[in-house]
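In what follows, a single structure is set out as structure tokens and then discussed.
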Amino acid sequence: MVIKNIVGAIIVLLNMAGLGYLFFIGVAGFFEDRDADEQDGLHKIAQPEINKGQPAVINEDIAPEEDDLLKDMDLSDLDDLNLDDFD
């Protein structure tokens, strides 16, 4: 008889916990929907204007080619350089 009462009490407690969980899910869903309606006005940010003018042109010929750089260098100053000074 005692076992029957203990099992019955456990079943009643689990049923109450399940109903409480369903109530919690319902209340959380209600407030989630309500909060989303209220937050719509707060999250609206002005959209930046899109510049529809002329596209930017990227000049890829900024750096001269290697051959041009070698022509401009004056290597005669390096003839008198003593490399023994650099240890």
Side-chain angles (χ1 to χ4, degrees):
M1 189 72 167
V2 174
I3 295 175
K4 190 179 192 183
N5 287 340
I6 292 173
V7 171
I10 291 173
I11 291 173
V12 169
L13 287 175
L14 289 176
N15 282 327
M16 287 175 36
L19 289 174
Y21 179 71
L22 291 176
F23 179 73
F24 170 76
I25 294 296
V27 169
F30 171 76
F31 284 118
E32 183 178 309
D33 292 339
R34 188 164 175 87
D35 188 41
D37 293 340
E38 291 177 3
Q39 295 295 327
D40 280 342
L42 298 176
H43 290 298
K44 289 186 180 176
I45 299 173
Q47 297 294 328
E49 294 181 18
I50 297 174
N51 186 5
K52 293 188 178 186
Q54 294 290 332
V57 177
I58 299 173
N59 187 3
E60 295 180 5
D61 296 329
I62 293 174
E65 297 196 18
E66 289 183 39
D67 295 335
D68 295 335
L69 291 174
L70 292 176
K71 287 180 196 174
D72 295 337
M73 290 180 62
D74 184 22
L75 299 178
S76 64
D77 295 335
L78 298 177
D79 292 339
D80 297 332
L81 185 63
N82 187 4
L83 296 177
D84 293 332
D85 294 338
F86 300 103
D87 289 330

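Sequential numbering from 1 along the given sequence is applied to the chain's residues.
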> When clusters are formed by joining ILVMFWY residues with side-chain heavy atoms under 4.5 Å apart, either directly or through shared neighbours, do Met16 and Leu19 land in the same one?
Replying inline: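 Different clusters.
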> When clusters are formed by joining ILVMFWY residues with side-chain heavy atoms under 4.5 Å apart, either directly or through shared neighbours, do Phe31 and Phe23 land in the same one?
Replying inline: yes
>> Can you list everything that forms a side-chain contact (heavy atoms from CB on, under 4.5 Å) with Ile6? Sequence neighbours excluded, please.
In response: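 If we apply the side-chain contact (heavy atoms from CB on, under 4.5 Å) test to Ile6, skipping adjacent residues, the hits are Val2, Ile10.
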> For Ile11, which fellow cluster members are found when Ile, Leu, Val, Met, Phe, Trp and Tyr are connected by side-chain heavy-atom distances below 4.5 angstrom, either directly or through intermediates?
Replying inline: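 Reading the cluster by chain and number, Ile11 sits alongside Ile3, Val7.
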